Every structure is written in structure tokens, then in C-alpha cells.
Amino acid sequence: MYQISMTTNPQSGSASSSSSGDIRRMNRSQLPPLFVYMETGDWARAMERAKKHPREVKTWASIRSKSSSNDRISGAKRLALHHACFKLRSSVSGSFGTSATYNATTDPFVEVCNLILLLIELYPDAAGMRESRHGCLPLHLAAFASCTLNNNSKDDESVKSEPSTFSLSTFSSALPSFTSGVSRPSNIRNSGRSQSEATTMTAGFLEEMFTGNQTDQKKAGASPKESNSTSVSMGHNFLISEKREEAAVRVLNALLDAYPRASRMDSEGGRLPLHTACAGRATPLVVATLITANPSAARHRNKDGFLPLHLAAHWGISHPNVATSLLKAYPDATFGRNRWERTPLEEALCMAGENGRPHQASLVRALRKHPSYWTRPAEFIKEERKKGRQIVDIDDMDDDTCITEDYMIMQSNSRGSPEVIRSNAQRRNADLHSLIRDQEWSLVLSKIEANPLDAEEELKVTTRGGFTSTYGFTPLHYACERHPPQEVVEALIAACPSAVAKRTMPGGALPLHIACTWNAPVEVIASLLNADKASCKVQDELGNLPLHSAAFSGISTPVVERLLRTYPKASLARNHQGSLPEEISKRLRHDNRKEVMGMVTIAREEVMAKRNDKNHRRNKSDGPLFGLGSKDSREKSEEQPASGVQQGVEVPYTKDDSELVWV
């Protein structure tokens with residue numbers, strides 16, 4: 001619901017009404033034609049209108065919008081440039097299913113960018129004027145709108161799934177099958193990045209291509225780059241169009257040329273354009289452009305103490321290079337704490353766990369690196385490694401060797417070289433953790449059978465989450481990160497039964513937590529639960545039960561059902577952030593969230609019903625409070641003898657009190 005009224009320029013005080021007779025005769029409740037065309041998405045006619053009536057570009061319009069959440073009506077005074085930048089974000093979420101349609105010449109995002117460039121040309125002073133609702137400059141609005149397109153639709157209508165018949169009392173043999181239709185492409189563009197973004201994390205997104213189906217891909221002869229990812233971190237991958245990204249950068253550069261101070265001007269809440277870009281999941285080139293315009297923006301905090309890196313950790317990123325650009329601009333941001341005393345790493349883990357969003361795993365790995373990693377050149381790290389020195393908290397990764405996540409872990413480990421591990425002759429003599437890391441499951445089984453004690457060894461390796469294990473990290477924990485077969489898990493459990501209940505440090509996670517985080521199959525989850533059912537009741541250091549980890553990762557529906565059947569009270573448990581599993585699944589918008597939320601709701605209702613029934617029976621058996629009833633009830637209870645007690649029994653004593661006589 002919009003209402004537009006022409007007013008005088010609030011910043012200059014000059015009259016801004018158009019000289020056109022049609023515009024003068026318009027009522028205040030009507031939209032000016034330029035705004036009408038922008039509201040209807042007719043960008044071609046909007047450009048024609050702006051060219052024919054340039055004075056209308058300078059018109060301030062009072063726009064009233066009704067919020068859908070609380071039915072609150074709010075107003076804002078905007079110029080046409082503000083409104084065009086505001087509508088830019090709505091053009092991002094268009095219905096573009098294939099790359100051909102996405103890159104078509106009629107892309108509305110590119111058309112809006114062309115309109116913004118025209119409006120800047122006609123009225124460049126508008127780039128330095130604020131709209132009245134949040135005090136945003138056009139650069140704030142354009143930076144927030146320069147985001148990527150999520151491949152899944154808003155309501156996930158393309159995902160067809162039957163309603164769940166889950167019930168704790170009756171085991172359903174037919175589980176609702178999750179099918180995502182066509183496989184999601186990995187259309188992340190690596191080429192064409194600026195030289196400032198050349199970094200060791202450029203290929204970080206490829207680490208999620210190496211998931212549990214790697215073994216099948218090896219047998220089929222498919223390379224990791226050609227395979228479709230089944231990992232949650234790449235399940236809803238973002239589509240970064242080169243055409244859209246270049247158009248967005250042209251808009252930002254035009255706004256900065258018209259008003260260079262815009263990159264240092266904050267809006268409501270102390271937000272710079274870089275803050276709004278991170279909150280809107282902007283593309284890497286957009287973030288790099290804003291950092292280049294104002295490098296100190298990466299150190300600026302808003303009124304809630306959020307650095308731009310906090311906002312990127314809170315809302316997620318569109319590409320691993322976004323985190324790289326922010327960390328290279330301000331490496332110490334990893335230690336910064338916001339108003340709630342959370343670092344960017346803690347913010348990311350609280351919002352999406354280890355693997356709950358696109359590129360979440362790459363983001364977490366980057367946030368766990370020491371700040372010196374981003375300041376020292378890669379050549380220095382290579383030289384130190386050649387000398388046999390290991391820089392603390394720095395992984396030895398570079399652009400030449402950083403291809404997959406498992407390869408990165410292999411390079412960061414000091415044991416052996418890739419050539420040695422690839423050698424078939426020496427692979428059989430490799431360590432157990434090296435075979436697990438390389439996902440050679442047949443050799444892992446042979447190794448466990450030959451040396452069962454190797455399964456009890458505590459490993460000091462780099463985990464898939466990017467940190468080095470210090471305590472309690474067994475081969476079973478290591479295997480659960482890599483989508484292992486059921487027979488491997490059962491062999492590791494048989495060789496070391498205590499590993500199922502061993503908490504690894506840091507993190508305090510059990511193998512069940514790790515398996516739920518990295519999308520292990522339901523057979524593996526069943527084996528872990530059969531070995532120790534109490535493991536589904538254990539919380540990690542963040543207060544997450546295995547059900548929370550499953551909700552973060554968006555694991556398959558049968559796994560969630562198995563966890564709920566084993567421990568239904570987990571549906572009522574909150575982690576240290578205060579989130580229920582149902583709330584996590586709803587917040588992250590996984591494809592199977594409807595089925596998961598339905599299962600958790602049913603489990604919660606049945607647990608509450610049992611609690612209420614138990615409390616009702618307890619109150620009924622206890623009687624009145626403190627056992628004190630009314631006078632009539634006490635007299636009645638005294639008159640009625642207790643059942644099962646012999647009546648008319650007296651115990652008289654003999655004269656000498658030496659013997660009792662029963663009557």
C-alpha cells in the first residue's frame with residue numbers, strides 16, 4: 001500500500017514540484033508516473049519518463065508502506081534514485097530457473113541498474129541526499145540490494161514432498177522421501193576476480209564438492225569439479241552472474257563518483273554501506289569495491305558493536321572470497337566482540353552451525369584462522385614449511401594446491417606427501433587416519449582388522465571444521481566427518497567401543513554430533529545409536545544435542561525421525577543460544593524443513609501430553625495439598641478401616657507383663 005505526495009526538498013528547501021501540468025494536477029494520494037512505472041516493474045517506460053520529464057527525477061515523494069508482520073504503516077520521503085535503489089533488491093528475487101534465463105538481455109536487475117545510472121546522470125546531487133526512514137544514502141540501498149540469487153525458490157515449491165506420517169507411538173515403515181528435482185548447479189564464477197582477491201581461499205568453495213559420494217565418483221571416473229554436491233553447505237548454492245555483478249559494480253562506482261564521501265557516511269544505527277552490503281549477502285566484487293573505496297570501513301562498528309565481519313557471519317556469505325576480503329582488510333576482526341560478547345566465529349556457529357548455509361564451512365574455516373594468516377604472504381609460509389617450521393594456527397594452503405577440502409587437510413598435515421599416499425604400493429602401509437582422510441574405506445577395514453589398536457589412537461589432525469583436535473578425537477570421529485559406510489563405522493566401534501561416548505576437544509562433540517553435522521547416512525546414525533543410545537542426550541560446548549546438529553545441517557528426514565524416536569525430549573531442548581531444533585530448521589530454510597518441523601511438533605506434543613497425564617495421575621494420587629482434607633473427609637476416613645487389615649485385634653498384657661496374648 002503506497003501513497004505518494006510531492007513536497008519541497010527537505011534538504012535544500014527549494015520547491016521540487018514538476019512544471020508539467022499533469023503532475024501539478026495530481027492528487028497527493030496518487031503516485032507520480034515515474035514511481036508508478038518503478039512499482040509495476042516497467043523499467044523501459046520508467047527510463048523514457050525520466051528522460052522526458054527530468055524535473056520529476058528531483059521530486060521528493062512521501063511513500064507510505066504497510067508492514068506485513070505487524071500491520072504497521074510507515075512513511076518515507078524518497079527521491080526517484082532512492083526508490084530505484086530500493087527496488088533493485090526486489091528485482092534480484094525474480095523467477096530465474098536456468099542460467100539461460102538468468103543471463104538474458106531482459107534481466108530486470110540489469111534494467112534497474114541502467115535506470116539508476118540514468119537517474120544519477122540526470123540528478124547527481126541525489127547521491128548525497130538521505131531518505132527519511134532510515135537515513136540511508138542511495139549507496140546504502142544499492143549496496144544492500146547487490147546480492148546474489150538463491151537457486152531455490154522462496155516457498156520451495158519446486159521441492160515436492162509428501163506430508164510426514166511420523167508418530168512416536170506407531171513406527172511408520174514408509175518414510176517421506178525427499179527429492180529435490182533437478183540437481184543444483186555450482187555456478188560460482190572463479191574467473192574475473194580482481195587481483196586484490198587473489199588468495200588462498202579463492203577455491204575454498206570447492207571443499208564442499210568432496211563429500212560422501214566421493215567414493216562413487218572415483219569409481220565412475222568423475223572429477224570433483226564435475227560432480228554435483230550433496231553437501232548442505234552447497235545444497236542451496238548462490239548463483240553469481242557475471243553480468244549482474246558487473247552492473248552492480250558500475251552502479252556503486254557511479255554513486256561513489258557522484259558523492260565520494262558516501263562510503264564514509266553512516267545511516268541509522270551507525271551502518272556504513274559496507275555493513276549493509278554484508279547484511280545483504282553482497283557479491284565478492286561489490287564488497288571489494290566498497291573496501292577499496294574506504295578500507296577503514298572494515299574496522300567500523302555499528303551501534304550494536306557489529307563489525308562488517310559480524311554481519312557476514314550472522315547473515316551468511318555469497319562466496320568464500322567475501323570473508324577473505326573482510327579478513328584481509330582487518331585481520332583482527334576475528335577477535336572482535338559485539339554487544340552480546342560474541343566473536344564472528346561464535347556468531348556464525350550460533351546462527352548456522354558448522355555446515356548449515358551456503359559456504360558456511362568455508363566461512364567457519366576462515367574465521368578459525370589466526371590473523372597472521374591474512375597478513376603474511378603465501379611465499380613466506382612456503383619457505384617456513386620448507387625449513388620444517390610450522391606457524392601457529394596457519395594452514396599451508398595456496399592457490400596451486402587448494403583444490404578440495406580433503407586435499408587442503410592433507411597439505412596442512414605434516415605426515416607424508418600426496419604422491420606417497422596415492423602410491424598403491426605404499427598406501428596399504430599408510431596410517432589409519434591417512435586412509436580415512438583419503439576415504440579409502442576398503443583399506444580402512446583391512447587396517448582395522450590387522451591392527452585393531454589403531455582405532456583407539458587419539459589423533460592430532462586438522463578437522464573438517466578447520467581446527468586442530470587436541471583431545472579425544474579418535475578415528476571414529478574422523479571418519480564421521482567423511483560420510484563413511486556403515487561397515488566402517490561398525491568396525492571402528494567394535495575395535496574401540498569407548499569412542500562412541502568420547503567428547504572431542506575443542507567443541508565437546510561426540511561422533512553422533514559430527515555425523516549429524518556432516519550429513520552421514522541414516523545407517524551410520526543407527527549404528528552409533530545402537531552402540532550408545534545415551535549419546536543423543538549429550539550436549540556439546542554450545543549446548544547442542546545431536547538433534548540441533550541435524551537441524552543446523554538439514555540432514556535427511558529419516559535421520560531426524562530416528563533421533564526423535566530415540567530421545568523425543570530433544571524436541572523441547574534449547575541450546576545455549578536459546579534455540580529449539582524447530583526454530584533452527586525454520587530459520588535456515590532447508591528444503592526438508594516442513595517435514596522436520598512437523599516431526600518435531602508431533603514429538604513435542606506427545607512428550608507434553610505424557611507429562612500432563614503423568615502430573616494428573618500424580619496429583620490425583622496425592623490427594624489434597626499436604627494430605628490435609630476437609631473435616632468430613634477426615635471423619636469418613638477414620639470411620640472406614642483400611643482394606644487388608646484384620647479387624648477386632650487387641651493386644652492385652654498378662655499380669656506379669658511377660659507375655660503378649662493375641663485375641
Side-chain angles (χ1 to χ4, degrees), residues 43 84-85 87-118 120 139 142-153 182-199 201-206 208-209 225-226 228-229 234 236-257 273-274 277-278 280-293 312 316-326 328 358-359 362-363 399 402-403:
W43 310 112
C85 294
K87 299 298 291 184
L88 182 62
R89 185 173 181 86
S90 62
S91 66
V92 174
S93 58
S95 301
F96 305 105
T98 61
S99 58
T101 306
Y102 185 79
N103 293 320
T105 56
T106 58
D107 189 348
F109 186 90
V110 178
E111 291 185 354
V112 179
C113 291
N114 294 332
L115 174 61
I116 293 174
L117 294 175
L118 176 62
I120 296 173
L139 184 62
F144 182 73
S146 301
C147 61
T148 54
L149 172 65
N150 200 345
N151 196 29
N152 60 327
S153 61
V182 290
S183 58
R184 304 184 184 277
S186 299
N187 292 348
I188 307 299
R189 183 171 60 89
N190 265 339
S191 60
R193 301 294 179 192
S194 61
Q195 293 296 326
S196 61
E197 294 213 7
T199 172
M201 292 297 290
T202 299
F205 74 95
L206 286 175
E208 292 310 310
M209 305 290 286
K225 290 185 179 180
E226 297 173 353
N228 288 325
S229 172
M234 287 291 293
H236 308 274
N237 48 7
F238 290 113
L239 303 180
I240 301 180
S241 167
E242 183 176 358
K243 189 174 182 180
R244 284 192 171 192
E245 194 172 24
E246 291 176 355
V249 172
R250 286 199 306 269
V251 168
L252 296 183
N253 288 330
L255 291 171
L256 288 170
D257 292 339
L274 184 58
C278 293
R281 296 190 299 273
T283 58
L285 283 182
V286 170
V287 174
T289 301
L290 294 174
I291 293 177
T292 303
I317 56 177
S318 62
H319 193 273
N321 281 2
V322 173
T324 300
S325 299
L326 294 172
K328 292 182 71 174
H359 310 297
S362 299
L363 173 64
D399 290 329
C402 181
I403 299 176

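Remember, predicted model here, so these are calculated numbers, not experimental data.
For Pro320 against His359, the heavy-atom pair with the smallest separation is CD-ND1, 3.8 Å. Residue Leu117 comes nearest to Ala254 through the heavy atom pair CD2-CB, 3.6 Å, listed as atom of the first residue, atom of the second, then distance. Here the closest heavy-atom approach between residue Cys85 and residue Ala142 is recorded as CB-N, 4.0 Å. Taking every heavy atom of both residues into account, Ala282 and Val322 meet most closely at O-CG2, 3.7 Å. Residues Pro284 and Ser318 share a closest heavy-atom pair of CD-OG, 4.0 Å.
A distance of 10.0 Å separates CZ in Phe109 from CZ in Arg89, rounded to the nearest 0.5 Å. With rounding to the nearest 0.5 angstrom, the CD1 atom of Ile291 is 5.5 Å from the CG atom of Leu274. Rounded to the nearest 0.5 angstrom, Asn321 CG and Leu285 CG are separated by 9.0 Å. Taking CG of Leu290 as the start and SG of Cys278 as the end, the distance is 8.5 Å to the nearest 0.5 Å. Rounding to the nearest 0.5 Å places CG of Leu255 at 12.0 Å from OG1 of Thr289. Of the inter-residue distances, the one linking Leu252 atom CG with Asp257 atom CG reads 11.0 Å to the nearest 0.5 angstrom.
Looking only at side-chain heavy atoms (C-beta outward), Lys243 and Asp107 stay at 4.5 Å or farther from each other. The closest side-chain heavy-atom distance from Glu111 to Ser91 is not below 4.5 Å.
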CA sep, side-chain torsions, deciding dist, call: Ile116, Arg250, side chain to side chain contact (heavy atoms under 4.5 Å, CB included): CA-CA 10 Å; Ile116 293 174; Arg250 286 199 306 269; over 6 Å; no

